[in-house]
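Data first, discussion second: the structure below is written as structure tokens.
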Amino acid sequence: MSLSFSIRAAHANVSLMVLGDSLSAGYGLSQADSWVSEIARDWQANHPHLEIINASISGETTAGGLNRLPDLLERHQPSMVFIELGGNDGLRGFNLTTMENNLREMVALIESRNIKVALSEVEIPPNLGRRYTEMFKQVFHDVAEDMDIPLVPFFMREIAIDESLMQNDGIHPNLAAQPIIATIMEPQLRQLLEKEVLAEQASSGQTQFKQAKPTYLQTEFRQHKTGISQ
């Protein structure tokens, strides 16, 4: 039986940290205009018990993310981490086994701190050949399946094919794309927090909750199965 819960944090905010690269850092834009900042403003107004932290850096690789991760976890102490890394590894033709090991180490480190984790699927242009491109994409599915964590569909999939939403380099989303990406990602990230963090806290008595009718976004999320898998 599937239940929908309306859950309030009893004490501190529930926070999600985005560990990403230029696609999440707002490359070429003010960070205040990034899709992560768009979500932050929405949550401040409509979901004040939730917080989103942008720990993304343009040019970041999985190795760089792994190196920065311990300090970020200590500094921000998030409830959940959303990993959006790998694109720069792929664009530079890095060894995929190394990239996969880096992702697995990040997931293991996060979970060792009793923090939830979700992984973004990432896709790259076919410049390095079809075989490499397909193997690259498969890494994210393998890591998510093997480590039993949610996999979120790549948010650039529809954006990247619309020139009006891309910067001149053809790689990075422009200012007009940021609210669209936020609209794609906000319900998915909020659902993950509700399912993975708040529901667990509720079951352990750390939050107050009550059964409630699904919101429109929750209903839409389930009916259309946006692709989050676990």
Side-chain angles (χ1 to χ4, degrees), residues 2-20 23-26 30-56 65 69 72-85 106-107 110-111 113-121 144 149-155 178-230:
S2 176
L3 297 177
S4 175
F5 293 100
S6 174
I7 308 172
R8 296 185 289 114
H11 302 293
N13 283 350
V14 173
S15 59
L16 180 143
M17 183 175 76
V18 179
L19 180 61
L23 297 180
S24 298
S30 166
Q31 190 176 65
D33 293 325
S34 70
W35 67 266
V36 179
S37 294
E38 292 274 354
I39 292 177
R41 286 187 286 271
D42 176 77
W43 284 1
Q44 286 171 3
N46 301 307
H47 308 282
H49 61 296
L50 302 179
E51 179 184 10
I52 190 166
I53 301 158
N54 198 351
S56 305
L69 185 56
L72 290 171
L73 295 178
E74 181 66 27
R75 187 190 323 162
H76 297 293
Q77 299 186 9
S79 309
M80 187 173 200
V81 177
F82 174 60
I83 301 173
E84 181 271 301
L85 288 173
M106 280 189 275
V107 173
I110 293 166
E111 292 186 331
R113 307 286 182 91
N114 295 317
I115 298 169
K116 299 295 184 179
V117 59
L119 180 64
S120 176
E121 181 186 46
I149 61 172
L151 180 67
V152 179
F154 189 39
F155 58 77
Q178 303 305 311
I180 299 173
I181 298 172
T183 299
I184 294 169
M185 295 302 295
E186 189 280 327
Q188 298 188 66
L189 296 180
R190 179 160 46 85
Q191 291 279 342
L192 284 171
L193 282 175
E194 291 175 351
K195 176 183 176 182
E196 302 291 332
V197 178
L198 288 171
E200 181 176 284
Q201 291 181 359
S203 66
S204 63
Q206 297 178 37
T207 57
Q208 301 172 356
F209 65 94
K210 61 181 179 179
Q211 186 173 342
K213 293 181 179 179
T215 65
Y216 170 78
L217 282 175
Q218 290 170 332
T219 303
E220 193 78 1
F221 182 85
R222 286 200 298 270
Q223 288 178 343
H224 291 279
K225 296 181 180 178
T226 55
I228 291 180
S229 59
Q230 188 169 8

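What you are looking at is a predicted structure, and each value in this text was computed from that prediction instead of being measured.
- Contact check for I52 versus L189: side-chain heavy atoms found under the 4.5 Å cut-off.
- Pairing each heavy atom of F82 with each of M185, the nearest pair is CZ-CE, 3.7 Å.
- When only modelled atom types and interatomic distance are considered, E186 and W35 share no side-chain donor-acceptor pair under 3.5 Å.
- Of all heavy-atom pairs spanning F155 and I184, the tightest one is O-CD1, 4.2 Å.
- Minimum interatomic distance between A182 and P187 (heavy atoms only, all atoms of both residues): O-CD, 4.3 Å.
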Exercise for review: Decide yes or no on side chain to side chain donor-acceptor pair (under 3.5 Å) for S56 and N54, but give the supporting numbers first.
Suggested key: CA-CA 6 Å; S56 305; N54 198 351; 2.8 Å; yes
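- The minimum heavy-atom distance between E121 and P153, with the atom names listed, is OE1-CA, 3.6 Å.
- Contact of the L50 side chain with the L198 side chain is registered, since non-hydrogen atoms from C-beta on lie closer than 4.5 Å.
- The shortest side-chain heavy-atom distance between V152 and L192 falls under the 4.5 Å cut-off.
- The shortest side-chain heavy-atom distance between L73 and I110 falls under the 4.5 Å cut-off.
- Across S15 and P78, no two heavy atoms sit closer than the pair OG-CA, 3.2 Å.
- Contact between L19 and G65 at its shortest, heavy atoms only, is CD2-O, 4.2 Å.
- Residues I181 and L23 are not in side-chain contact: their nearest non-hydrogen atoms beyond the backbone lie 4.5 Å or more apart.
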